[in-house]
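Since the model is a prediction, treat every value here as computed from it, not as a measurement. Proteins get letters first, then strands, A, B, ... in listed order; numbering begins at 1 in each.
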Amino acid sequence: MEYNFRAIEQKWQQHWADSNAYTVTNDASKPKYYVLDMFPYPSGAGLHVGHPLGYIASDIFARYKRLKGFNVLHPMGYDAFGLPAEQYALEHGVHPAVSTAKNIGTFRGQLDKIGFSFDWSRQVNTSEPRYYKWTQWIFLQLFNSWYNRASNKTEKIDTLIVAFEKDGNAAHPIPAFGKAQADNSIHFPERFTAEQWKSFDEKTQQAILMEYRVAYCGYGEVNWCEALGTVLANDEVVNGVSERGGYPVIKKRLRQWYLRITEYGDRLLQGLQTVDFSDAMKEMQSNWIGKSSGAEITFELISPSLPEKGLGDEVIDHSPLTIDVYTTRPDTIFGVDFMVLAPEHELVMEIVSDEQRAAVEEYVAYVKSRSERERMAEKKISGVFTGAYAQHPFSDRKIPIWISEYVLAGYGTGAIMAVPSGDERDHKFAQHFNIPITNIFGDAYTGEDAVTSKDLVLHDSDFVNGMKAKEAIEAVIDKLVAQGIGTRKTNFKIRDAAFSRQRYWGEPFPIKWVDGVAYPLPESALPLELPHVEQYGPGKEGEGPLSEVKDWTERNLETNTMPGYAGSSWYFLRYMDPHNDTEFASKSATDYWRQVDLYVGGTEHAVGHLLYSRMWTKALYDLGLISFDEPFKRLLNQGMIQGSSRFVYRVRGSNQYVSAGLKDQYEVDEIRVDVNFVDGVEMDTEAFRKWKPDFSDAEFILENGKYICGSEVEKMSKSKFNTVNPDVLVEKYGADTFRMYEMFLGPVEMSKPWDTKGIEGVHRFLKKLWRLFYNEAGLQVTNEAPTKDELKVLHKTIKKIEEDTERFSFNTSVSSFMIAVNELSDLKCTKKDILAPLLVLLAPYAPHVSAELWSAIGNEGSILDAPFPAFHAEYLVEASKEYPVSINGKTRAQIDIALDATEEQVQALVLANETVQKWMEGKPLRKLVFVKGRMINVVV
RNA sequence: GCCCCGGUGGCGAAACUGGUAGACGCAGCAGACUCAAAAUCUGCCAUUGGCAACAAUGUGCCGGUUCGAUUCCGGCCCGGGGCACCA
């Protein structure tokens with residue numbers, strides 16, 4: 001009987017679907033295990049072989065855990081809202097709801113063929129009202145919350161109102177004053193008393209509360225993408241252009257919704273220590289959060305109204321202007337030679353001298369005109385002196401104040417103290433503008449480069465002379481605090497996340513505007529359904545398409561929609577209880593499933609999705625809605641599968657195509673060809689002629705009778721003709737072969753180019769496995785007792801598969817299966833006691849063929865729930881190899897031995913070993929030295 | 001520029017806390033079966049020298065630690081990824 005994979009796979013996929021074999025219950029009696037894939041947005045392009053890589057890895061692991069006796073949650077769904085889905089719809093002139101539904105259909109069909117164990121009864125789709133009802137609901141929780149820095153927790157906004165009524169905001173200063181003012185006409189002080197609070201009208205009170213809300217609306221500099229007609233979050237902008245489409249992005253001041261993720265910076269950083277992410281991932285996240293510590297120092301301005309100018313009488317008697325700077329190196333304070341303000345700094349126009357005013361205005365205008373992209377592309381040194389001076393806090397030096405675009409308005413205080421001898425950028429700036437440099441590092445500073453080491457003693461630095469950075473930083477901060485002119489300060493690079501899009505295809509905000517105040521809709525109004533519109537392209541400047549919907553604007557509803565990451569920030573919770581109509585997920589469900597034990601996906605979401613979901617989880621945790629504050633316990637990043645493109649070489653001006661080895665003899669043009677009719681590098685010239693009409697009468701200049709293509713590894717994409725469709729491979733070799741081959745390519749975490757060539761080897765393995773069971777005469781499996789050799793093969797394999805699967809080394813697992821089948825073939829093993837457990841081991845990797853053979857040899861029950869075979873070390877205990885070694889003239893033997901052997905077993909084995917006996921020559925055994933798990937040194 | 005990760009046959013790769021480097025697979029070569037082909041099976045397959053047994057060399061390069069280094073340490077070269085005026 002032949003291995004008929006098509007019939008087998010169809011039969012079992014049907015069987016498992018009909019019997020709901022993958023449906024899981026929230027069964028608290030079994031230990032749980034949650035394996036999650038990053039859900040896809042259903043693009044219309046269809047899958048290529050790179051897409052299922054992570055899904056196959058997670059499927060193997062989920063099936064493995066199930067065999068190990070866990071109740072495994074392994075769901076799948078669709079991230080259907082957001083820019084990619086909408087852009088696809090726009091490009092194809094179809095309504096996003098229609099294209100999304102169609103793409104989901106295609107996607108599902110492709111996935112089903114590969115034989116995944118997803119519990120589709122738990123499927124979620126972020127664009128369905130019954131799902132986004134709860135996205136909106138969670139948004140309302142965030143809107144109705146504030147971050148209490150004192151308790152370090154997200155709390156209900158009511159608790160803040162109570163605090164205001166009692167003590168004003170003395171204990172809870174506004175986190176970023178002015179940031180949340182959507183309406184510039186409302187004014188309120190930064191600090192207020194209880195009485196003041198009570199005296200404010202509703203509008204002012206609401207404006208104040210907005211300054212605290214975790215989800216808030218305000219004016220801010222946002223990344224505006226004209227081509228996409230929307231605002232983008234920082235992580236959606238790469239090198240000054242949009243991540244999606246590569247369109248230019250400019251800074252623009254707009255009304256925007258934000259998430260106050262900055263308040264969670266410290267916890268997001270600390271939480272990284274409790275999760276199992278790769279070092280690279282943790283580093284990317286901590287770089288993005290960008291915590292630094294130092295001091296904020298107040299510099300006092302020297303009044304420009306100097307006596308010789310004769311303006312003395314005119315000066316109003318207010319206290320002198322001050323400028324706060326942030327520095328991580330307060331120890332270098334005696335090296336301050338100038339200060340620099342960001343051109344956007346609010347004091348620039350106040351401090352500028354009359355002589356410098358024109359130059360400063362010109363420079364500010366110039367900076368404003370420059371796009372983000374230009375700034376990044378040409379980092380030339382630029383700046384202007386303001387004509388103003390500040391007083392050095394500890395000496396009588398006059399510090400000139402400059403402005404320059406190298407100082408960013410959005411970080412720290414938007415102003416710095418410049419220490420050219422201790423900072424590269426300050427050094428270059430000083431050199432460029434010929435500002436004299438004070439050396440505080442003695443001989444270590446040569447005048448060429450700034451000294452950035454923290455391990456050198458300071459010179460010419462008054463009370464910190466002779467100290468190294470660490471000590472001096474403390475000394476300076478102490479003195480600043482004592483004099484009331486500075487504080488210890490921590491800063492974060494992370495900014496609040498822009499949470500609104502001026503687009504159609506997203507969750508509507510459950511917010512209503514009344515007289516310039518945002519009010520939440522009542523829960524009973526959820527879901528607030530996205531209205532159907534015909535015109536869903538970008539709307540008028542700063543406003544989304546919803547602003548064109550009359551019914552919508554009449555109800556004064558918010559016209560922005562939520563960004564793509566809204567729905568994906570909590571979907572892992574919905575899988576736990578997907579049909580719940582009264583809660584986003586019941587507490588009992590979230591308490592049972594808790595964190596995702598294994599999350600599989602690409603690294604591209606490092607600073608977007610992963611950070612946002614971590615933040616949402618922390619907020620929900622603080623509010624008592626779930627009982628864990630990190631969503632993902634362990635993260636596995638699968639590598640990218642690259643395409644391997646093929647080229648032909650057309651002799652210029654002809655229809656002759658020359659093989660790669662001979663192309664240097666001609667003047668040629670390089671043309672991409674579809675990899676699917678190239679076998680390795682040898683092209684099927686007939687298929688090429690048929691490919692496009694242009695090539696139908698192509699002639700070929702061959703080498704050794706073959707046409708050899710050129711090749712290059714690049715990203716897999718349709719336009720490069722290097723995509724390989726999994727459907728084709730599944731049709732030709734079967735899902736089991738495809739799954740195992742994807743794993744066999746190399747470590748999952750590693751990026752590698754796709755190469756179809758080797759798939760035959762894996763297919764041969766499955767055929768060989770099949771022949772252990774069946775020959776021409778039929779089923780050969782017997783109930784005879786296995787031999788020692790057969791048991792050894794089995795248990796060696798159990799051990800390998802278990803270890804390798806646990807550490808995600810799926811490629812070596814596949815090799816181990818091949819070795820096992822080769823060895824059992826050599827032993828002509830047909831024993832059920834060996835083959836049945838082997839099938840269980842194989843079931844996660846090649847579920848269909850395993851199930852077929854498992855039932856063929858008369859096993860009861862489903863292989864999906866068969867117990868994972870137990871490993872017995874005693875079958876492996878025997879010396880397999882000896883190596884004589886001479887060390888320092890003494891003879892030693894090294895013996896390879898079973899890993900799990902007990903000490904007595906080792907003793908017995910060593911003494912029985914022939915080689916050792918020979919060396920010992922009757923002398924007593926002196927010492928056994930374990931060298932490495934399974935190796936021992938014998939000292940005679 | 002800074003921070004990660006990697007560099008092993010013709011190719012994809014393995015070697016888990018230092019212990020026979022190249023498992024397993026692809027490609028290649030030789031052979032068996034066959035009228036023939038496919039399928040299958042067997043053997044060979046790092047480099048150099050040799051008919052051979054064998055010998056020498058060999059995990060990007062240079063040096064170190066060790067009885068022993070792909071693995072650990074120091075310095076360099078190359079490739080991939082991330083960050084990039086964050087004071």
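The partner of A32(B) is U40(B), by the rule that a Watson-Crick or G-U pair needs both atom distances under 3.5 Å. Under the Watson-Crick and G-U wobble criteria, each requiring two contacts below 3.5 Å, nucleotide C83(B) is paired to G1(B). Taking a pair to require two hydrogen-bonding distances under 3.5 Å in either a Watson-Crick or a G-U wobble arrangement, A55(B) pairs with U48(B). When Watson-Crick and G-U wobble pairs are counted only if both distances are under 3.5 Å, G10(B) pairs with C26(B). Pairing partner, C76(B): G60(B), with both Watson-Crick or wobble hydrogen-bond distances short of 3.5 Å.
Regarding the sugar-base torsion, G60(B) falls in the anti class, its angle being beyond 90° of 0.
Here CE of M417(A) is found 11.5 Å from OH of Y326(A). Values are rounded to the nearest 0.5 Å.
A salt bridge does not link R329(A) to D423(A): none of the charged nitrogens lies less than 4.0 Å from a carboxylate oxygen.
The side chain of R764(A) contributes no N or O atom lying less than 4.0 Å from OP1 or OP2 of A39(B).
Residue K428(A) places its NZ atom among 12 or fewer non-hydrogen atoms of other residues, nucleotides or ligands, all under 6.0 Å distant.
Atoms CD (E604(A)) and P (G81(B)) sit 14 Å apart, rounded to a whole Å.
R739(A) places a side-chain N or O within donor-acceptor distance of the main-chain N or O of Y845(A), the cut-off being under 3.5 Å.
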